Amino acid sequence: MSVVPPVDSGVDISATLLAWYDAHHRTLPWRAAPGTPAPAPYRVWLSEVMLQQTTVAAVKAAFLRFTTRWPTVADLAAADDADLMAAWAGLGYYARARNLLACARAVVADHGGRFPDTEATLRALPGVGAYTAAAVAAIAFGRRAVVVDGNVERVVTRLFAIEQPLPAARPAIRAATDIITPDTRAGDFAQAMMDLGATICTPRRPACAICPLRIGCAAVRTADPARFPVKAAKTARPERHGAIWWIERGDAVLLVRRPARGLLGGMRALPTGDWTDTPPDDPPPLQADWTALPGTVTHVFTHFRLTLTVFRTVVIRDIAPELDGVWWPRATLADAGLPTLFAKAATLAMESPR
DNA sequence: GACCCGTGGGA
DNA sequence: TTCCCAAGGGT
């Protein structure tokens, strides 16, 4: 694939951007200042996985929490599965947490506890895709790698005024990024592109007037730079309904573990039935005097919207073993590591009058 | 390529 | 309220 820079301005894009980065880079817990030694590969990798589809603001606290509790990849590899999943609760995309653990254990078992230092070898690790492999190779190991994330897609489609819609435009975007990626400081260049995308070349109302790359940018010469990247039309989000079962016994509530794969896989949860396109009529998990609580719990996932009714009951008998659950003290439910959906349901259950 | 997979914040 | 968006990866 060949891509021709659209504006022959005589400006060296990477040199201009790196100079801007040296003066205006963001300070972040996982990042080293330009000109200082690179952070440990473990910290670069951990931050990159956390940042997948997740905001910088949300990752900051999680990164500090994880690195305090598990300072090295060996510490993380030795972590208890349930502890790690609970620590990840609230961050979403829980397959990342499962792969995080699998990756740490692979680094210890297959690489002597040291991260491999090439893009191809990194790419073979669980949870490490094209983006993360390139980012770690460039940022942690100083390799030249073509790093393309959502920020880079936006900056590059504007810089080159790429009209082709996503996702079909990805090969062209990658080729264009390759052209402007420098042979040295590729890690700083990648982070500079992300900082530019996060602070100036933003999705809406980009600050073109103060952009260091405006001289070489094709989109800024058009009526509406913000229309890049062009995206394919998306479909409507379907609606689903279901029931949640709140089962009390003494000072405790019954929690179960969700199946390892799939939605909210491997996480602690409240018992729930099927989620279907119409309100279900599921039988409760046990015969009891159930109360349907007033109100509902709504939660929006990537690809559907869920509305749940919470049913509450109190039992005397220990039914936890037969339901494959545990009795968790209600007073410490915040420590159970429940995904947000179940935390919402728990709040409704505990605040509903009896 | 299409689809699945969370969450919180901002416009 | 609704929609969009955020340092993607796996299947």
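First the proteins, then the strands, lettered A, B, ... as listed; each starts at 1. Only a predicted model underlies this, so the values are computations on that prediction, with no experimental measurement involved.
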With a 4.0 Å cut-off on heavy atoms, is [X] in touch with a base, just the backbone sugar-phosphate, or nothing at all?
X       : answer
G90(A)  : sugar-phosphate
A168(A) : sugar-phosphate
L91(A)  : base

A169(A) or L264(A), whichever maps to the more 5' nucleotide of DNA chain B:
A169(A)

Residue pair P167(A)/T340(A) against DNA chain B: nearer the 5' end by closest nucleotide is P167(A)

Check the surroundings of atom CG in D281(A): do more than 12 heavy atoms from other residues, nucleotides or ligands lie under 6.0 Å from it?
no

Is the centre of the F301(A) ring less than 6.0 Å from the centre of the H299(A) ring?
yes

Is the ring centre of W246(A) less than 6.0 Å from the ring centre of F311(A)?
no

Between [atom2] of [N] and [atom1] of [X], the distance in whole Å:
X       : N       : atom1 : atom2 : answer
L338(A) : dG6(B)  : CG    : C1'   : 15 Å
K344(A) : dT7(B)  : NZ    : P     : 8 Å
R261(A) : dT11(C) : CZ    : P     : 7 Å
L166(A) : dG1(B)  : CG    : P     : 10 Å
L341(A) : dC5(B)  : CG    : C1'   : 14 Å
R258(A) : dC5(B)  : CZ    : P     : 10 Å
M267(A) : dC5(B)  : CE    : C1'   : 13 Å

A side-chain contact here means heavy atoms from C-beta on lying under 4.5 Å apart; do V156(A) and I180(A) qualify?
yes

Annotated protein contacts, base or backbone, on nucleotides 2-9 of chain C with a non-hydrogen cut-off under 4.0 Å, one of B, S, - each
--SSBBBS

Mind telling me whether F115(A) and W45(A) have parallel, tilted or perpendicular rings, with 30° and 60° as the class edges?
tilted

Measure the acute angle between the ring planes of F304(A) and W275(A), then classify it against the limits of 30° and 60° as parallel, tilted or perpendicular.
tilted

Please tell me if H299(A) has a side-chain N or O lying less than 4.0 Å from either OP1 or OP2 of dG6(B).
no

H303(A) side chain near dC3(B) phosphate (N/O to OP1/OP2, under 4.0 Å):
no

Distance between P atoms of dT11(C) and dG6(B) (Å, rounded):
14 Å

Given the C1' atoms of dA2(B) and dA7(C), what is the spacing between them in whole Å?
23 Å

Result for salt bridge (charged side-chain N to carboxylate O under 4.0 Å, His left out) between E153(A) and one of R174(A), K231(A), R170(A) points to R170(A)

Of the nucleotides dA2(B), dT11(C), dC5(B), which one has an atom closest to the side chain of L263(A)?
dC5(B)

